[in-house]
J.: 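This is the structure I want to talk about, given as structure tokens.
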2 protein chains.
Amino acid sequence: MTLYDVAREADVSTATVSRVLHGHDRVKASTRQRVLDIIEALGYVPDGAAQSLSRKRKQIVGLIAVESRGPGSDIEQTSLLFLEEVLRGVESPVGDIGWSLLISFMVRDDTAYARLQSMSGKVDGLLISEGIVSSPELATLARRLPIVLVAGSPDEPNVDVVDADNRTGTRALVCHLVEVHNATRLYYVAGPDEAPDARARRNAFDEELARHPGVTACGYFEGRFASSGGKLAAQEILATPRRDRPDAVVCANDQMAIGAMRELQANGVAVPTDIAVVGFDDIYSGALVTPSLTTVSQPMRLLGERACSRLLERIADPALPHQVELLPTRLVIRESCGCAAAPAALVQDRVQR
Amino acid sequence: MTLYDVAREADVSTATVSRVLHGHDRVKASTRQRVLDIIEALGYVPDGAAQSLSRKRKQIVGLIAVESRGPGSDIEQTSLLFLEEVLRGVESPVGDIGWSLLISFMVRDDTAYARLQSMSGKVDGLLISEGIVSSPELATLARRLPIVLVAGSPDEPNVDVVDADNRTGTRALVCHLVEVHNATRLYYVAGPDEAPDARARRNAFDEELARHPGVTACGYFEGRFASSGGKLAAQEILATPRRDRPDAVVCANDQMAIGAMRELQANGVAVPTDIAVVGFDDIYSGALVTPSLTTVSQPMRLLGERACSRLLERIADPALPHQVELLPTRLVIRESCGCAAAPAALVQDRVQR
DNA sequence: CTCCTTAGTGTAAGCGGTTACACGAATTTG
DNA sequence: CAAATTCGTGTAACCGCTTACACTAAGGAG
């Protein structure tokens, strides 16, 4: 079932069928109708590969999702909830113009670059959700096709970056703990250092702390973004004498915050009375736990949407200057920071720069 | 940067380059090396569209995800958590053989069929996650390319179906409530009737009830799979006189169960003491709420994996007989059914058929 | 030393569309 | 009414890769 079959059947040339298919040129109404009828009758659908080849445009964008299977970070806990929202965001601009989305999960290993290469042959542009390949490799790729980093480190040349404003979000959160709840001893549960957003959040934590004399970081723990990491951090805290314990535990994501909170509670520490716990991401579960989790909300869907739009712009015009776009985050005050069980209203804080 | 450029540079024919690229034929070692060096130096990557066209195989499978934006079912609550796991399951067999995954979100509307058609031109086979198009349309599609229904109604001809065993799971759950907790008045919060799994669960609920004389369904509510639906159902229950209330509320998914539970609790009804509440799906949040949610776990990742493998098999051999495969579900007993806060161990119940 | 294999490589015909260009017919213009 | 447009359509090259087939050179068998 090809264009030729349709053309023969309708007794026209393939050019005419193609014209009918795309409404481009002027085709006599009667011819058009005849061709359309044949197409309908034959159930003809154009072959995407042939179209891509001929148009020199695949009309496909690729999305690389990181599949972290590292020890201590199982799938459920890591990127779950994050990817799906981003995905929907991405699909929206892509679908609007009739393009498609090719997705691939990759582990950060030595096969990643090869797989990326092969993927790069099948798409017009790439959305990479994190630094799964080294910087030089990325640069090589970027020379061949447009690349937008989603939540990546903003220091790559030749790529665009769209990210949530981890810095401002984290600082607002810390500021809230210090200024509203008078926390003076903060404990930080970080994400893996190779994740750019984990680094950004941790740096912002330090930065904000530096702005408040008398407030100290009384401990760090690298929890790898898994709830088990939060649990381990909590155990470390529980192992210290009561008076050396922090006032508040700031976690680089919600899963770890939930893990930490539960472990503290299971050992008789009241949250937030004894120790406050806060997270980052605003996952669905955060609103359900007791006490409900104070956190920072990332516009995940918007993240996907903006990244994809940017990519499409760049595909359309590769000469565009490269940009870094930071999307605003929003402080979500709930109970685990020590605030009263507030009405569902979400409070918006602002940090001074 | 095409195959021809490489061929010219290496002073061989395109055929030889192609052979080197795929290791198929015997190529002299020295030639091979020279070609590989040139490829490396030029950073050549084969064009996917051209390969697809030439091979008559796109090496791409499509996944259609339902995007329900209907009233009362926002995105977060509906398929969240479901899709992502399935996705990862699907990607695994696909990635193993170097194929790709094309994904599209679709709303069930009048454009769906057209979009599906267009998608069908870009892939070798389709994974459809629900009945987003009518049965005859599906049949037409299935005539042109292999289709596997993920969690679909098993009565389609010409398509394969892979689904979780909603029936057995639901029956085990109901059986548990009745036999262990002596529930006699059950209230059912259903999903939207157009969703095949919603229908399957509801039917199983009725079926199991019929097996227990003296046990009655004291109410139904269609909650559209959103937690707000659970809330509304709970309000309906709260509006009835205390003695007319159910012993247990069985929800077609966890989000609704959580919604119902919170609304009941907010109005002074103790769960599970006054009324038990159970769900379906075993989402991450279910373990975190208080009381923790008794539910049925679906092997979502396996679902994706099996569906995809089946599709690949069918693409390889279209003559294969069509099959329906039901994947086992697992009863997850926690607290919300009335069981004591058990150790983390998960209990496996079994229902007699 | 001829004939037959086999290794190694090239030629060129597709794969299924798109589209620049060409061309006759119909229509408009002066 | 001839010339200039405009309309409607066909011809065929091209997109980049794969692969059947053909061919040469070298090695082995008789």
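Chain A is the first sequence line, chain B the second, and so forth, proteins listed ahead of strands; every chain is numbered from 1. Both backbone and side-chain heavy atoms feed into the values below; hydrogens, waters and symmetry mates do not.
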J.: Looking only at side-chain atoms of B:S54, point me to the closest of C:dT9, D:dG16, C:dG17.
T.: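 So the nucleotide nearest the side chain must be D:dG16.
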J.: For D:dT9, does OP1 or OP2 lie under 4.0 Å from any side-chain N or O of A:T31?
T.: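 Yes, such a contact exists.
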J.: Quickly work out the B:R19 CZ to C:dG8 C1' distance and round it to whole Å.
T.: 8 Å
J.: Which nucleotide in the set C:dT18, D:dT19, D:dG16 lies at the smallest distance from any side-chain heavy atom of B:S18?
T.: D:dT19
J.: Given D:dT18, D:dC7, D:dC17, which nucleotide is nearest the side-chain atoms of B:A50?
T.: D:dC17
J.: Quick one, A:I60 and A:L101 - any side-chain contact, counting heavy atoms below 4.5 Å?
T.: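 With C-beta onward as the side chain, the pair stays apart.
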J.: Grab the CZ-P distance between A:R8 and C:dG16 for me, whole Å please.
T.: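 My rounded result for the distance is 12 Å.
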J.: Using only side-chain N and O atoms of A:Y44, determine if any of them is under 4.0 Å from OP1 or OP2 of C:dG17.
T.: yes
J.: Does OP1 or OP2 of C:dG10 have a side-chain N or O of B:S13 closer than 4.0 Å?
T.: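 Yes, such a contact exists.
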J.: Check this for me: does any side-chain nitrogen of one of B:R88 and B:E91 sit under 4.0 Å from a carboxylate oxygen of the other?
T.: no
J.: What is the distance, rounded to the nearest whole Å, between atom NZ of A:K28 and atom P of C:dA25?
T.: 13 Å
J.: May I ask you to say whether A:E325 pairs ionically with A:R306, meaning some side-chain N is under 4.0 Å from a carboxylate O?
T.: yes
